[in-house]
Structures are given as structure tokens and as C-alpha cells.
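Only one structure is covered here, and it is reproduced in the block below.
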Amino acid sequence: MGLKGHWYRGGTSKCWLFDARDVALHAPTREEIPALLSAAFGAADARQLDGVGGGTSTTSKAAVIWATPGAEADLDYLFAQVGIGDPTVELGSNCGNCATAIALFAVQTGIVPARDGMTKVRMRHVTSGAVLSGSVPTPGGHIPKSGLARVPGSSAAGVPVSLSFHGPWGQNTGALLPTGNTVDELQVNGRTLAATMVDAGAPAVLLAADQAGVDLSSMTGNLTAQLPDLIAARASAGLIMGLRKPEDPPQNAVPKVGVVAPAGDYTAADGTTITAGSHDVRVRMLSMLAPHPAIGLTSAVAVALASSLQSSVVANAAGQSPSTGTGTPRLLRVGTPAGVITAEIITDDTGNVSEVALHRAARHIATADIDVAPAAELSA
């Protein structure tokens with residue numbers, strides 16, 4: 001019997017979504033899920049040739065979903081970043097693009113009944129406890145199968161989904177600023193780099209691009225020369241943020257690591273010119289061990305939160321003071337390799353950020369029975 005999976009594009013990622021009841025037929029305990037997903041994706045092979053993985057960080061993702069009627073959220077989900085050329089599966093991170101797909105999946109499969117107008121799906125990320133919401137247009141209670149919404153990084157249309165990340169922040173480390181500081185110094189291969197480390201959306205370490213030796217006037221290169229320093233910065237930040245112990249090996253998925261520069265004309269990944277007036281800050285992130293082709297939504301949330309903190313690396317690059325509004329959204333336009341995305345930053349009565357919203361698109365691609373070995377054989 002195959003493992004039933006649902007293949008979706010969410011934003012600029014492709015994600016395999018699995019009903020927890022189907023997964024339980026092959027992996028009865030949560031501890032067995034990583035081995036099952038590794039085998040299904042063919043993770044041990046760098047091309048993932050013998051599985052359903054796409055061979056890149058943005059196409060080697062999965063989520064296992066439990067409906068939770070009557071609870072705080074409509075569903076729980078376990079996000080998995082599946083290895084590429086590595087049989088390991090990391091469960092510590094989250095993915096907003098996949099959450100976009102999960103919201104559409106929940107409406108299309110009836111986990112959340114479609115309402116007239118807009119249907120909101122509340123989703124709890126199991127690993128961190130963070131609650132996200134995705135709003136799917138359902139005029140007249142109609143369940144959408146396709147749409148015309150597009151996002152930077154993909155020319156394909158999909159169903160529009162508005163995805164919101166809700167406070168409180170610090171779900172992974174216990175605080176928005178795990179060290180208590182807006183800026184810390186990281187010792188990286190004999191150099192000192194100023195870093196803003198935040199835990200919002202996902203734990204992230206954000207560096208000034210000029211200090212890290214990264215020129216963001218073009219986002220077409222593969223950062224080969226800078227990767228060792230960026231990976232070392234992630235390893236150092238993981239320790240400082242309390243995400244791992246000294247004896248633990250560094251993780252490839254968290255914390256996210258990226259470089260930030262002020263707005264300026266730059267060449268996007270497709271060769272087009274993005275003008276300085278179109279954005280507030282330029283950002284380039286790593287995904288696993290390679291530059292992200294766009295930006296992960298959890299990383300976009302981290303950047304948005306950091307922009308609201310006085311003297312942070314992002315606030316300095318954006319050249320703007322933190323928002324002091326009371327509920328009025330502030331927009332942060334982020335220049336990425338795929339183009340410009342906009343984050344809506346909403347504050348509460350005290351001026352603290354209570355919500356970050358991003359507009360995405362999702363589409364169901366296929367439903368399939370994936371031929372994988374039984375869990376007992378996978379762990380043998």
C-alpha cells in the first residue's frame with residue numbers, strides 16, 4: 001500500500017502534504033516519521049532520483065497534518081525540511097510557503113468548511129507552537145480550484161492566500177531577542193560581524209551585507225566565496241541563541257541566515273533590474289546550504305520584526321524608525337532575488353508588532369500513492 005500524498009505549490013515552494021492518518025499506516029509513532037519521509041523523497045541521493053523530492057531546498061519539503069476541531073487552531077502541522085544528498089530530516093524549522101499550501105488544502109479537503117466570502121484557516125505549527133492563519137477566498141461558499149494570483153519568483157498563477165503570522169514571538173527560544181540585544185557580535189573565521197538575531201517566524205541571524213563581503217547589487221551569483229562565512233555565522237548564532245548545545249552538530253535549516261543592505265538598484269536572479277525606489281531594503285537568505293532563490297516567508301517575518309527594532313541591522317539598512325502605530329499596518333518592501341515582496345506589519349496598542357501578513361498564491365498539483373518501504377524496513 002502506498003503513502004497517500006498531496007502535492008502543492010505554495011508561494012515559491014513545492015510541498016508534499018500528508019494527512020496524519022495516512023502517515024500512521026506507515027509510521028505509527030512520530031519518531032518514525034523522519035525515516036518515512038527520507039525514503040519517500042529519496043533524500044540520500046543529491047538528485048533525490050528515487051523519490052518524490054525535487055532536489056532543491058524549496059522543493060524538498062513536507063508537512064504532516066492533523067485536524068483539531070474545537071482546539072485553538074483548526075489543524076496542527078509538523079513541517080519537515082528533507083535532506084538533499086543526506087538522509088536526515090529536520091523538524092525544527094517552519095515554512096510559510098508550505099503553510100500557504102496547507103490553508104488551501106484544508107479548504108479543498110473539508111478540514112475547514114468553506115464560508116461565504118473568505119474562509120480563515122488557523123494552523124498551529126507543532127514544533128514551535130506558533131499559530132498562523134491563512135485566508136482563502138470562497139465567494140458563495142465555492143471551493144477554489146484555481147486562481148489568477150501571482151507572486152515574485154513564480155510566473156504561474158494560483159489561488160490567492162493571505163498568510164498571517166501572529167505573536168507572541170520567541171516560540172523557539174522563548175524571546176523575540178534570544179540574547180536580549182538588538183545587535184550582537186559574532187566571531188566568524190577571524191572576523192567580527194554585527195548581527196541581529198531574532199526569533200520570529202523562524203529563528204534568524206541577519207548580517208550587514210557589506211561586513212559579510214556580499215555585494216547585493218546583483219543577486220545572480222551563488223555566493224561560493226561567502227558561503228563558508230555565512231555557514232559559520234549560522235553555527236555560531238545557533239549556539240548563542242540556544243538552538244543547539246556545543247556537542248550538537250550544526251543544523252542546516254535553523255537559524256536562518258541572511259545578509260541585508262539598504263535599497264539600491266540591483267539585478268534580480270532572472271537578469272531584470274530592480275530599481276532602488278521599489279523597495280526599502282535588500283535581503284538575500286541561505287536555504288539549507290545554498291542561496292534561496294527568493295525568500296522564505298518565515299525569513300520575511302524575521303526581517304519584518306527586525307525592521308521594527310531600533311538600531312537593528314535591518315532598521316539601519318532600511319533607514320527608518322520602528323513603527324509606533326496602534327493597529328495601522330506599516331509596509332516593508334523587501335528586495336529579494338526573485339523581486340520585491342511586501343510585508344504588512346501590524347502593531348498593538350503598545351506599539352509592539354502583533355501580526356505580520358504576506359500575500360501569496362497556492363495551487364494543488366497532484367494527489368499520489370507514493371511507493372515506500374514499510375517503516376520497519378526503513379529503520380533497519
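Position 1 is the first residue of the sequence; numbering continues from there. Reckoned from all heavy atoms, side chains included, excluding hydrogens, waters and symmetry mates.
- Panel note: side chain Thr109, backbone Phe105; a donor-acceptor pair is recorded below 3.5 Å.
- With hydrogens and angles disregarded, a donor-acceptor distance shorter than 3.5 Å links the side chain of Gln48 to the backbone of Gly54.
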Please tabulate, for the side chains in residues 159-169, all donor-acceptor contacts under 3.5 angstrom to protein atoms that are two or more places apart in sequence or on a different chain.
residue	atom	partner	partner atom	Å
Ser164	OG	Glu355	OE2	2.8
His166	NE2	Ser133	OG	2.8
Trp169	NE1	Val353	O	2.9

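- Checking side-chain atoms of Asp199 against main-chain N and O of Thr173 turns up a donor-acceptor pair under 3.5 Å.
- In Asp50, the CG atom is not crowded: 12 or fewer heavy atoms of neighbouring residues, nucleotides or ligands sit closer than 6.0 Å.
- For His364, the ring-ring contact (aromatic ring centres under 6.0 Å, His included) partners are Tyr8, not counting sequence neighbours.
- Rounded to the nearest 0.5 Å, atoms OG1 (Thr192) and CD (Gln187) are 3.5 Å apart.
- Residue-environment remark: CZ (Arg47) stays at or below the threshold of 12 foreign heavy atoms within 6.0 Å.
- Surrounding CD of Glu185 are at most 12 heavy atoms belonging to other residues, nucleotides or ligands under 6.0 Å away.
- Between Tyr77 and His125, the ring planes are tilted. Angles from 30° to 60° get that label.
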Name each donor-acceptor pair under 3.5 Å that joins a side chain in residues 79-86 to protein atoms two or more places apart or in another chain, with its distance.
residue	atom	partner	partner atom	Å
Gln81	NE2	Ser57	O	3.0
Gln81	NE2	Ser60	O	3.3
Asp86	OD1	Thr88	N	3.1
Asp86	OD1	Thr88	OG1	3.0
Asp86	OD2	Thr88	OG1	3.2

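- Of the inter-residue distances, the one linking Asn316 atom CG with Thr196 atom OG1 reads 7.5 Å to the nearest 0.5 angstrom.
- For CZ of Arg21, the number of neighbouring non-hydrogen atoms (other residues, nucleotides, ligands) closer than 6.0 Å is 12 at most.
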